[in-house]
Amino acid sequence: MASQTGSLPLFGGLGLRPIRPSDQDFLLRLFIESRPWLSWADTDRDVLQALYEQQFRAMRAGLESVYPEHMDFIVERTGQAVGRLVVDLGYADWRISELAIVAAARGKGIGTDLVRSLQAAAESVRLPITLSTPMVGATDGRSLYERLGFQVTAVRPPHYDMAWLPACRKAPQPAGFIAG
């Protein structure tokens, strides 16, 4: 994983800071909140907790394998941890591989401000942003991303692949074209 220090300011009073060892309990709680479908297993509480912990470790290992240069951040608002962002800042595109906001902070524009901040930065270097969002989950990621200008590029159940292009890379629209 790429190592970073300090904090990055964003829109809406948000900030990003690198993950610390002391964040592991927060990250596991956020992982559990963001994946309610795992709790659908008809099992006892201890087995369910072990399942979540196993899946959390597998997700972390997968990120390291698929995106070895990814950056892993805690999203903060007014100094309080409210989410997590994992992003791979590549040369061809920026890939959001994880964006999760705690349940108590959802619906307050945090995800929107965070993505708009990334779009502004990606626009300055003329790179698209790509991601995959689950078809099921705690929130409807697809509608958020479409509202922010992302388009579905592929449907691969259980995910939608999506991309946002900076203005300099968007194809000009024919006269009279009305975007929907």
Side-chain angles (χ1 to χ4, degrees), residues 1-20 23 27 30-31 34-35 59-77 81-102 105-106 108-135 137-175 177-180:
M1 176 176 84
S3 175
Q4 302 293 317
T5 59
S7 179
L8 303 171
L10 304 168
F11 296 151
L14 298 176
L16 295 177
R17 67 164 174 79
I19 299 286
R20 300 176 188 145
D23 293 321
L27 291 172
L30 181 59
F31 179 85
S34 301
R35 290 158 178 85
M59 185 263 314
R60 298 292 302 235
L63 281 173
E64 294 291 334
S65 173
V66 176
Y67 303 107
E69 296 297 320
H70 76 274
M71 293 186 293
D72 202 342
F73 296 105
I74 292 290
V75 180
E76 294 182 324
R77 179 176 254 172
V82 294
R84 176 179 186 218
L85 171 69
V86 180
V87 63
D88 182 50
L89 302 177
Y91 294 104
D93 70 342
W94 289 1
R95 176 85 181 167
I96 299 173
S97 48
E98 178 89 10
L99 171 55
I101 305 299
V102 296
R106 291 182 193 143
K108 298 180 175 155
I110 293 170
T112 297
D113 285 341
L114 186 56
V115 172
R116 284 187 176 148
S117 298
L118 289 172
Q119 288 173 313
E123 181 82 46
S124 72
V125 292
R126 299 180 169 158
L127 288 177
I129 298 174
T130 61
L131 57 88
S132 292
T133 190
M135 294 176 163
T139 61
D140 184 1
R142 179 180 172 182
S143 64
L144 165 72
Y145 295 120
E146 285 178 335
R147 193 174 73 246
L148 294 171
F150 284 76
Q151 295 183 344
V152 173
T153 58
V155 177
R156 294 181 309 121
H159 293 95
Y160 297 107
D161 290 343
M162 302 185 80
W164 169 85
L165 298 175
C168 65
R169 298 193 55 175
K170 291 181 181 166
Q173 301 299 328
F177 177 80
I178 299 174

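Residues: numbered from 1 along the sequence shown.
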- Message: Whether Asp113 and Arg77 form a salt bridge (side-chain N of Lys/Arg under 4.0 Å from carboxylate O of Asp/Glu) is what I want to check.
- Response: yes
Could you report the tightest heavy-atom contact between [X] and [Y], atom names first, then the distance?
X      : Y      : value
Trp94  : Ala122 : CZ3-N, 3.5 Å
Ala163 : Thr130 : CB-CG2, 4.1 Å
Ala120 : Phe11  : CB-CZ, 4.0 Å
Ala92  : Pro128 : O-CD, 3.4 Å
Ser117 : Leu10  : OG-CB, 3.4 Å

Would you call [X] and [Y] a side-chain contact if the rule is heavy atoms closer than 4.5 Å?
X      : Y      : value
Ile96  : Leu85  : yes
Leu30  : Glu98  : no
Phe150 : Val115 : yes
Val155 : Met135 : yes
Trp164 : Glu123 : yes
Glu146 : Val152 : yes

What's the separation between atom [atom1] in [X] and atom [atom2] in [Y], rounded to the nearest 0.5 Å?
X      : Y      : atom1 : atom2 : answer
Asp88  : Met71  : CG    : CE    : 8.0 Å
Leu165 : Arg126 : CG    : CZ    : 14.0 Å
Leu144 : Met162 : CG    : CE    : 8.5 Å
Ile74  : Arg84  : CD1   : CZ    : 7.5 Å
Arg156 : Asp161 : CZ    : CG    : 4.0 Å
Asp72  : Ile19  : CG    : CD1   : 4.0 Å

- Task: For atom CZ of Arg147, decide whether the heavy atoms of other residues, nucleotides or ligands shown that lie under 6.0 angstrom number more than 12.
- Result: yes
- Say whether, by atom type as modelled, one donor and one acceptor occur between the side chain of Gln119 and the main chain of Gly149 under 3.5 angstrom. no
- Identify the residue among Thr133, Leu131, Leu118, Leu114 that makes a side chain to side chain contact (heavy atoms under 4.5 Å, CB included) with Leu99. Leu114
